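All remarks here apply to the structure that follows.
Only a predicted model underlies this, so the values are computations on that prediction, with no experimental measurement involved.
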Amino acid sequence: MKRKIKVALVGNPNVGKTAILNTLCGTSEKVGNWPGVTVEKKMGNYTFRGFEIDVIDLPGIYSLTSYTLEEKVARGFLLKEDYDVVINVLDVNFLGRNLYLTLELLEMGIKPIVVLNKIDDLESAGFSIDEKLLSQILGLPVISISAIKKRGFEELSETVLRVATKDLKPVGFTPTYSEDLENAISLLLLKLKDEKLSYNKRWFSIKLLEKDPEIVEEAKRLLSSKVEILKEIENIENFVKEKHQCDLPSFVAKERFILASKIARKVIKTVNEVHSETLSDKLDKIL
């Protein structure tokens, strides 16, 4: 009997997750809907070195905040379902924007394999990514592939196997933000210290600050200190509005974008001596 590994693909829309699923699984791909919703569900399986690997393509999402059906499905799967490995697919042409979701996965306590897709596009434009440095910063395995040219898939499958069998244990780093946001998180963590939660408490605190609809409802339903916590969030928001001139969810999102952009700028290298901005740099400035 073949040993089984369950893999989840997660990433922004149009990063190439479906192309990766097709390349790995070939004609075994199955398409249906997620239970109870009209969101499309794609699955497949393949055999590698005596292991049967099931691959599930989660809906394309920009964030793990539960505003859309796709976000609810993807987050629900990551929080509640059983799986062995998460592959976080990034489009290297929009590295800063895509790393935003990577940071959220790390906040949740998930330590994915980071797959840099469309690497050939970046190389043809005269740029490269320092995979080793990115891996060191994130504390995660990082692999460059080209789904169109079917490049890098042997290394990807090898890494999946190593992570699933615990031969490779990603460390993962805890994203840390500005003093104001870290102070806000610490205040909530202090109030949550005696609460029993099945969630990562730091992630739960950040989601409360983002006013995530599902997490706010969970707090109202589960927490004995809910009144104090909701009052604390109100005080934090008043402080943020006065000092940073924006609401609390926007402040958290901005902090995450700043960190993601800093990481992207550190690891994108130019082959030419004259540095020119990548499309990702320009988008990061706008965002």
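- Remark: Asn117 CG to Ile20 CD1 distance equals 4.5 Å, nearest 0.5 Å.
- Glu104 approaches Leu64 most closely through the heavy-atom pair OE1-N, 2.9 Å.
- Pairing each heavy atom of Lys41 with each of Asn33, the nearest pair is CB-C, 3.8 Å.
- Inter-residue side-chain proximity for Leu122 and Ser128 is flagged as unmet; no heavy-atom pair is nearer than 4.5 Å.
- Using a cut-off of 4.0 Å between Lys/Arg side-chain N and Asp/Glu carboxylate O, Arg221 and Glu218 are scored as salt-bridged.
- Under the 4.0 Å criterion applied to side-chain N and carboxylate O atoms, Lys4 and Asp54 are assigned as salt-bridge partners.
- Salt-bridge check for Glu210 with Arg256: passed, with a basic side-chain N closer than 4.0 Å to an acidic carboxylate O.
- Note on Val39: it clusters hydrophobically with Leu101, by side-chain heavy-atom contacts below 4.5 Å among ILVMFWY residues.
- Between Val31 and Glu40, some side-chain heavy-atom pair lies under the 4.5 Å cut-off.
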Before giving the answer on salt bridge (Lys or Arg N to Asp or Glu O under 4.0 Å), spell out for Glu217 and Lys207 the whole-Å C-alpha distance, their side-chain angles and the decisive distance to 0.1 Å.
CA-CA 11 Å; Glu217 287 307 309; Lys207 286 299 166 190; over 6 Å; no

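- The aromatic rings of His244 and Phe239 sit perpendicular, their planes meeting at an angle over 60°, well past the 30° parallel limit.
- The aromatic rings of Trp34 and Phe77 stand perpendicular to each other, their planes meeting at an angle above 60°, with 30° marking the opposite boundary.
- Asp180 has its side chain out of reach of Val240: every pair of non-hydrogen atoms, C-beta onward, lies at least 4.5 Å apart.
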Full working for side chain to side chain contact (heavy atoms under 4.5 Å, CB included) between Ile263 and Leu138:
CA-CA 9 Å; Ile263 294 170; Leu138 298 177; 4.3 Å; yes

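- With values rounded to the nearest 0.5 angstrom, Phe251 atom CZ is found 8.0 Å from Lys243 atom NZ.
- Contact annotation: the side chain of Leu156 approaches that of Val160 to within less than 4.5 Å [non-hydrogen atoms, C-beta and beyond].
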Would Leu223 and Glu228 count as a side chain to side chain contact (heavy atoms under 4.5 Å, CB included) here? Give the steps.
CA-CA 10 Å; Leu223 302 182; Glu228 293 176 37; over 6 Å; no

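- Ion pairing between a basic and an acidic side chain is recognised when a charged N comes within 4.0 Å of a carboxylate O; Arg162 and Glu155 show no such pairing.
- You'll find the side chain of Phe204 stays beyond 4.5 Å of the side chain of Leu188, heavy atoms only.
- Taken from CD1 in Ile143 to CD in Glu158, the straight-line distance is 10.0 Å, to the nearest 0.5 Å.
- Checked by atom type and distance alone, the side chain of Lys111 pairs as donor or acceptor with a backbone atom of Val171 at under 3.5 Å.
- Note on Glu234 versus Lys241: no salt bridge recorded, every NZ/NE/NH1/NH2 to OD/OE distance being 4.0 Å or above.
- The heavy-atom pair separating Tyr100 from Ala260 by the smallest distance is N-CB, 3.8 Å.
- Ionic pairing of Asp212 and Arg75 is present here: one or more N-O contacts between side-chain nitrogen and carboxylate oxygen are shorter than 4.0 angstrom.
- The number of heavy atoms from other shown groups lying within 6.0 Å of CD1 (Ile148) does not exceed 12.
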Take Trp203 and Leu79 through the test side chain to side chain contact (heavy atoms under 4.5 Å, CB included) and record every step on the way to the result.
CA-CA 12 Å; Trp203 176 78; Leu79 284 172; 3.8 Å; yes

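- Between the CG atom of Leu140 and the CG atom of Leu168 there is a distance of 9.5 Å, given to the nearest 0.5 Å.
- Between the side chain of Asn88 and the backbone N or O of Val114, no donor-acceptor pair lies under 3.5 Å.
- A donor-acceptor contact shorter than 3.5 Å is absent between the side chain of Lys201 and the backbone of Ser198.
- In this structure, Ile185 is a member of the same hydrophobic cluster as Leu197, with clusters built from ILVMFWY side-chain heavy atoms closer than 4.5 Å.
- Taking the charged nitrogens against the carboxylate oxygens, Arg151 and Glu123 do have a contact shorter than 4.0 Å, which makes a salt bridge.
- Using a 4.0 Å cut-off between charged side-chain N and carboxylate O, Glu182 and Arg202 make a salt bridge.
- A side-chain donor-acceptor contact under 3.5 Å links Ser224 and Glu195.
- Here the rule is side-chain contact (heavy atoms from CB on, under 4.5 Å) with Thr18, and of Asn22, Val15, Asn14 only Asn22 fits it.
- Note that CD of Glu232 and CD1 of Ile229 are 9.0 Å apart. Values are rounded to the nearest 0.5 Å.
- Here CD1 of Ile233 is found 12.0 Å from CG of Asn238. Values are rounded to the nearest 0.5 Å.
- Tyr46 and Leu161 fall within the same hydrophobic cluster, where Ile, Leu, Val, Met, Phe, Trp and Tyr residues are linked whenever their side-chain heavy atoms come under 4.5 Å apart, directly or through other members.
- Of the possible polar contacts, none joining the Asp130 side chain to the Val267 backbone as a donor-acceptor pair under 3.5 Å is found.
- Side-chain contact between Ser205 and Leu192 is present, with at least one heavy-atom pair separated by less than 4.5 Å.
- Remark: the backbone N or O of Ile61 is paired with a side-chain donor or acceptor of Asn12 at under 3.5 angstrom.
- Under the salt bridge (Lys or Arg N to Asp or Glu O under 4.0 Å) rule, Asp91 has a single partner from Arg97, Lys118, Lys17, which is Lys118.
- For the pair Phe127/Leu95, no side-chain contact is recorded, criterion being any heavy-atom separation below 4.5 Å from C-beta on.
- When all heavy atoms are compared, the tightest approach of Glu237 to Pro249 is OE2-CD, 4.1 Å.
- Criterion: ILVMFWY side-chain heavy atoms under 4.5 Å apart, direct or through other members. Under it, Val142 and Phe173 are part of a common hydrophobic cluster.
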Going through the distances and angles, do Lys254 and Cys246 end up as a side chain to side chain contact (heavy atoms under 4.5 Å, CB included)?
CA-CA 10 Å; Lys254 180 182 176 183; Cys246 64; 5.6 Å; no

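- The two residues Val86 and Leu78 come nearest to each other via the heavy atoms CG2-CD2, 4.0 Å.
- Residues Val252 and Leu181 are in side-chain contact: their nearest non-hydrogen atoms beyond the backbone lie under 4.5 Å apart.
- A continuous path of hydrophobic side-chain contacts links Val10 to Leu69 [ILVMFWY only; heavy atoms under 4.5 Å].
- Closest of all the heavy-atom pairs between Ala264 and Leu99 is N-CD1, 4.0 Å.
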